[in-house]
Number of protein chains: 2
Amino acid sequence: MPTLSDIADDVGVSTMTVSRALADKPGVASDTRHRVLESAKRLGYTVNLEGRAPVKEQTQKIGVLVNNVGSEYSGEIIDGISNILDVANYDIVIFNPFKMRRSPNEYVVEVCQYAIDGLLIAAANRLQPQSVEYLEQAIRQHFPVVFIDQRVAGSTVPYVTAQNRQGAYDATRYLIQLGHRRIGFILGPHTESPSGERLDGYRDALAQNGIAQDDQLVKNGDFTRQGGYAAALLLLSMDEPPTAIFASNDPMAFGVYKAVQQSGKRIPEDISVIGFDDIALSADIHPPLTTVRQPLREMGRVGAQMLLDMLRARDEPPVAVMELRTSLILRDSCAPLR
Amino acid sequence: MPTLSDIADDVGVSTMTVSRALADKPGVASDTRHRVLESAKRLGYTVNLEGRAPVKEQTQKIGVLVNNVGSEYSGEIIDGISNILDVANYDIVIFNPFKMRRSPNEYVVEVCQYAIDGLLIAAANRLQPQSVEYLEQAIRQHFPVVFIDQRVAGSTVPYVTAQNRQGAYDATRYLIQLGHRRIGFILGPHTESPSGERLDGYRDALAQNGIAQDDQLVKNGDFTRQGGYAAALLLLSMDEPPTAIFASNDPMAFGVYKAVQQSGKRIPEDISVIGFDDIALSADIHPPLTTVRQPLREMGRVGAQMLLDMLRARDEPPVAVMELRTSLILRDSCAPLR
DNA sequence: TTGTATGCGTTATCAC
DNA sequence: GTGATAACGCATACAA
């Protein structure tokens, strides 16, 4: 690709004059400027940002690490991030490490080396201590990092998350109020912090209402439809199956829908289903899903704003934690126990 | 962030020795190497890729431009791209321009300036002629670009796409074979090339079976659930509503489901629905969606492979066009006309 | 208005 | 085994 000096040679001026002309800076004769622009167009010149970055020491780009770009979950978070960063004149570069060759841990380091001014890490499952340590060091060196929807115990990396425990408590209590006593629970992966928090909320509600814990009713899942489907099959085939199922995220609830519908039962008449997320699809499927809304867009926005604050006030200690409220969205997938 | 010379000062050697030691290259005393590595670790050093890129002139990164990171459609294409690029030792950087501040056209130029060795453009709707022209120039300057699922008339940019017309023809003929005569069609955005091709296939099938075109039955859509829902409401409220609806992608078919279910009608007993894509969700919703499968992962793989070929054989003319076959996936959303 | 010198962080080359 | 020098593409500071 052509460079500044190619144009300089072409026009017969110095690279500096070319640089000024292209950057639309004052101090270039309008005749010279025209000749430069014409030459640049003819040669097909575009800046090489790699050359500019080391000089300017900022790229106006923020990296975003997600683990599944094809999910509405990620899409909504990224949307929220865009909202804020657009206004602040930052671009977004998305890295999708968890489907990639490298281990997530190496990848975190690599991403930080990239031409970005800061990093947002969404749903950073499987992050090992050494990676977290590396991130903390990066922050000390004024490279801002923020976790979104991920709490890392004992770490100083700032994060924004939802009130998972409270949300799960609310959902479970709602089912109990409808008369349900045998409530199945489908876990998320144990590597993600919200999973355990939601389980805690579920248990809180059972305990507070004098319902004995039955570990048979808690099945492993992985936050995917397939995982929810598999777990639901297990629950439905129990000797004494649950009358309600709490899937700890919405995609797993869709998997539950599939299993229930295949079994010939109806939602909510025969079995109540409740989810967690409130992604857009949840309102559109049939029957519309009752779920715990966590403000994914808002989490993206808040995370981005925290990052910008760290970027602007380099020496002040960053806001460490933001917990956003959840709310129970009542739709048509739950009914009183018959 | 610390640099090579910080370590050099710390250890008391030259930057060159540090560079060699960190790159694991021969010609460094093992004692020196150890001291360098120790210092690097202590200081929290990581390479600055922006400094390396201008020297090496390649970054082992490929850019991917998509317009909706939250869709299964994009997710599956990106997945296919990963499959190929992982093996070839390239990383993927995803740009999500169409939700961003800049116009897509400026953005295309900007992305090319970024630290990437090539660019895959998926579903590049709204690309104006000047952008396409820019991309063609970039290709001439050995910066490889490939379109995925996008055909640009009169352009020399290589692309991979599906046989949209044939696929839509097959779907429509299937409905006709089931006895349907009034078949609604929901368009994609006119800015995307597959939209028109699918409409053509639909019309081909009607014409070949002696069914008169009724433009009332063709409604605008935008490849989103909401768009499909709105279009379906229009179709269902017609004086003589269609007995089958062909949504030209799967998300719009889900929108049709919602409208039909709200109207109290049943799929497929009262109305048949057929989609186009075969994203994973289509098999999981109720009833499972009959749809035209286009191999999205395969399109990602093929596009990535075309890019690698261009990268490797810089002077040979690239493969211009790849068209992948579609296939009709029969599930439970279509039934014979009663 | 234009050009020169210098530097960013890294690596290749060629000395020693 | 190690280091000085130059180079990548660009921009800042200063000189002409």
Side-chain angles (χ1 to χ4, degrees), chain A residues 1-37 39-40 43-61 109-110 112-117 138 141-143, chain B residues 1-37 39-40 43-61 109-110 112-117 138 141-143:
Chain A
M1 306 274 274
T3 69
L4 279 192
S5 60
D6 290 327
I7 299 179
D9 291 351
D10 185 49
V11 178
V13 293
S14 73
T15 60
M16 245 349 279
T17 303
V18 175
S19 174
R20 273 192 283 256
L22 293 174
D24 228 21
K25 290 208 170 155
V28 182
S30 93
D31 170 55
T32 312
R33 167 163 288 145
H34 276 104
R35 274 161 47 223
V36 167
L37 292 178
S39 170
L43 270 53
Y45 170 86
T46 47
V47 237
N48 182 330
L49 293 176
E50 302 153 45
R52 169 144 64 194
V55 182
K56 287 234 173 184
E57 291 201 333
Q58 36 169 319
T59 62
Q60 294 293 316
K61 299 204 187 311
V109 174
E110 192 184 315
C112 288
Q113 302 159 358
Y114 206 57
I116 53 176
D117 295 344
Q141 287 155 0
H142 302 295
F143 179 85
Chain B
M1 307 276 276
T3 69
L4 278 190
S5 60
D6 291 327
I7 300 179
D9 291 351
D10 185 50
V11 178
V13 294
S14 73
T15 59
M16 237 356 269
T17 302
V18 176
S19 174
R20 272 193 281 254
L22 293 174
D24 228 22
K25 290 208 170 159
V28 183
S30 92
D31 169 56
T32 314
R33 167 165 287 143
H34 277 105
R35 276 160 48 224
V36 167
L37 291 177
S39 170
L43 270 51
Y45 170 85
T46 46
V47 234
N48 183 329
L49 293 178
E50 302 152 46
R52 169 144 64 195
V55 183
K56 289 235 172 184
E57 293 201 329
Q58 40 169 320
T59 62
Q60 294 294 317
K61 297 201 189 315
V109 175
E110 192 184 315
C112 287
Q113 302 160 357
Y114 208 55
I116 52 176
D117 296 343
Q141 288 156 0
H142 302 295
F143 180 85

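Everything numeric in this text was worked out from a predicted model, so none of it was measured. Chain A is the first sequence line, chain B the second, and so forth, proteins listed ahead of strands; every chain is numbered from 1.
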_Relative orientation of the end axes in the helix from C/dT1-D/dA16 to C/dC16-D/dG1, expressed as an angle to the nearest 10° (five pairs per end)_ = 40°
*Quick one, which residues of residues 6-33 of chain A touch DNA chain D with a heavy atom under 4.0 Å?*
A/Met16, A/Ser19, A/Lys25
*Distance in Å, B/Arg52 CZ paired with B/Leu4 CG, rounded so as to fall on 0.5 Å steps*: 9.5 Å
_Closest approach of A/Gly44 to A/Pro2 (non-hydrogen atoms, all atoms of both residues)_ = O-CG, 3.7 Å
Compile the donor-acceptor pairs under 3.5 Å between side chains in residues 27-34 of chain B and protein atoms, sequence neighbours left out, one pair per line.
| residue | atom | partner | partner atom | Å |
| --- | --- | --- | --- | --- |
| B/Asp31 | OD2 | B/Arg35 | NH1 | 3.2 |
| B/Arg33 | NH2 | B/Lys25 | O | 2.4 |
| B/His34 | ND1 | B/Ser30 | O | 2.7 |

_Measuring only between side-chain heavy atoms, which start at C-beta, is A/Thr59 closer than 4.5 Å to A/Leu49?_
no
*From the 5' end of DNA chain C to its 3' end, which nucleotides mark the outer limits of contact with chain A, defined by a 4.0 Å heavy-atom distance cut-off (strictly under)?*
C/dT1 to C/dC8
*asked:* Give me each pair satisfying side-chain hydrogen bond (donor to acceptor under 3.5 Å, both in side chains) with a member in residues 11-20 of chain A, each pair once, sequence neighbours excluded.
replied: A/Ser14-A/Thr17
*What pair of heavy atoms forms the shortest contact from B/Phe143 to B/Cys112, and how long is it?*
CE2-SG, 3.8 Å
*Side chains of A/Tyr45 and A/Leu22: closer than 4.5 Å at any heavy-atom pair?*
yes
*Please name all residues satisfying side chain to side chain contact (heavy atoms under 4.5 Å, CB included) with A/Ser39, sequence neighbours left out, ordered by chain then number.*
A/Ile7, A/Asp10, A/Val11, A/Arg42, A/Leu43
Please tabulate, one pair per line, each protein N/O and nucleotide N/O from nucleotides 6-9 of chain D that are separated by under 3.5 Å, including the distance.
| residue | atom | partner | partner atom | Å |
| --- | --- | --- | --- | --- |
| D/dG9 | N2 | A/Gly51 | O | 2.9 |

*What closest approach, in Å, do B/Ala21 and B/Val36 show between heavy atoms, and which atom pair accounts for it?*
CB-CG1, 3.8 Å
_Pairing residues for B/Thr3 by the side chain to side chain contact (heavy atoms under 4.5 Å, CB included) criterion, not counting sequence neighbours_ = B/Ser5, B/Asp6
